[in-house]
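Below, chains carry the letters A, B, ... as their sequence lines are ordered, and counting in each starts from 1. Atom set for the values below is all heavy atoms of this structure, side chains included, hydrogens, waters and symmetry mates excluded. Note that the coordinates shown come from a computational prediction; the quantities given were computed from them, not determined experimentally.
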2 protein chains.
Amino acid sequence: MSATVFDVAFTPASAPAGVAGSVAVVIDVLRMTTNAATLFSLGLSELFVVAEIEEARAVAGASGALLFGERGGVPLPGFNGGNSPLEHTGDLAGRKALLCTTNGSFAVQAVKDARAVLLGAIVNAGSVAQRALQLGAERVLLVCAGTNGSPSLDDVVGAGCIVRAALRGTGTVALTDSAKMALHIANQNTDLEATLLEAAHAAVLEGLGYDRDIAFAARLDSLPVAPERTAADPATFRLLG
Amino acid sequence: MSATVFDVAFTPASAPAGVAGSVAVVIDVLRMTTNAATLFSLGLSELFVVAEIEEARAVAGASGALLFGERGGVPLPGFNGGNSPLEHTGDLAGRKALLCTTNGSFAVQAVKDARAVLLGAIVNAGSVAQRALQLGAERVLLVCAGTNGSPSLDDVVGAGCIVRAALRGTGTVALTDSAKMALHIANQNTDLEATLLEAAHAAVLEGLGYDRDIAFAARLDSLPVAPERTAADPATFRLLG
């Protein structure tokens, strides 16, 4: 069996044009994809990822979905909540939600031509790596959401955790130089929270009072779910694996 | 005194548009900027960096410069040598040379709007960091040459060595997330050659018989020179510091 190549794009814009035949994994550790994994772990059945606020309101109104999102880390008026994985209370079994964030939602749009799209983070690194390999593509492209077009350290740590999990699987995995870099960064410190705290975006979240979100996002494999884009709609994710 | 911000572009294309006010450091560890540092250490007075082969021949013919270069790692016909830092024999005092390579020459063109341009590698990391700080810009952008548009591990190791040297200086240095990533990668292994050997381009060079070039490129601060673009011509480098 030929190897599955794991590659990393440090920003959505640097995702190669050849994403079409690949499995793409969108990674926004602080906080969109960590939040998505949390929502599914609480029983959510379906998640819509939308970048524009007005579209988010319209879709939520039509579908009865809960509406979560932020701009600049701050919850949006009229929404059911912001982008913190720690604000969800109670059972979400069977509910639908809509998530409208800045960088993560844009990254999902940037990989729309991929064969499959997963939402990955540190909290679900192992599950996402396993599902990506299960999908049988020759190439898995880990797309870091970044911050306003620049690479974010937190996302690259997440990518490195997924690469490491893939290497521990049963299949044959090959790494590009970018994937090796992400692996080095994830392996630098066994205390993943310490590495996340170095990220510029961690300081922003701390300034907004979201310190606990960073510790939560650093818990490796604490939420074993792999949110995956549905075939019917490129903005809709479910647990399909 | 305000901090000097060190940033890293993992490929020339991802160098921010705002390179104009910055000091740019072009990094092509395997092998263009390692070779450039070697040439100046052997006494070279002036280096022309050119991307196109025909332009290289024309410039060399007019200037009497030695002509070095490669395509795909292989020396070009009619040139005085390829791109190996180990092929230079004898004293180059007062000589001029022209270097025509694939990725490094392109990266030099990509930062033409920078306030100053240095050629950096592992072999001259400390000297380049010191000169970059001496130039007094608010921002130093380390531009990794990469390989055909994708990031190369060897260049990012070089960027991390320059970041580390800058942090050890006397000035106040701030790092972007990208600069922190490069630092993590350089710090991962004290054996820099082992990290370089992981790079995809290292395997290409080994296949061409250039194994010793990799060990040579990994010798931290072995060549204390900082080749710098002249004010007169954006393709001409000298030792100005």
Original post:
Is a donor on one side and an acceptor on the other found under 3.5 Å between the side chain of A:Asn124 and the backbone of A:Leu223?
Top reply: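 Absent.
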
Original post:
So, does A:Glu228 use its side chain to make a donor-acceptor pair with the main chain of A:Ala116 at under 3.5 Å?
Top reply: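 Judged by distance alone, no pair lies under 3.5 Å.
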
Subject >> Which atoms of A:Thr176 approach chain B - backbone, side chain, both or neither, heavy atom under 4.5 Å >> reply: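 For A:Thr176, no heavy atom lies under 4.5 Å from chain B.
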
Original post:
Given a strict heavy-atom distance threshold of 4.5 Å, which part of B:Asn187 is in contact with chain A: side chain, backbone, both, or neither?
Top reply: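 Contact with chain A is through both the backbone and side chain of B:Asn187.
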
Subject >> Pairs of heavy atoms under 4.5 Å with chain B: top-ranked of A:His201, A:Met181, A:Lys180 >> reply: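 Among the listed options, the one with the most contacts to chain B is A:Met181.
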
Subject >> Option that, when pairs with chain A are counted at under 4.5 Å, heavy atom only, ranks first among B:Gly146, B:Ser152, B:Ser14, B:Ser150 >> reply: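 Of B:Gly146, B:Ser152, B:Ser14, B:Ser150, B:Ser152 has the most heavy-atom pairs under 4.5 Å with chain A.
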
Original post:
Got a sec, which residues hit ring-ring contact (aromatic ring centres under 6.0 Å, His included) with B:Phe68, two or more places apart in sequence or on another chain?
Top reply: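 With neighbours one apart ignored, the set is B:His88.
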
**OP:** Not counting sequence neighbours, which residues clear side chain to side chain contact (heavy atoms under 4.5 Å, CB included) with A:Arg212? List them please.
**Re:**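 So A:Arg212 forms a side chain to side chain contact (heavy atoms under 4.5 Å, CB included) with A:Leu86.
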
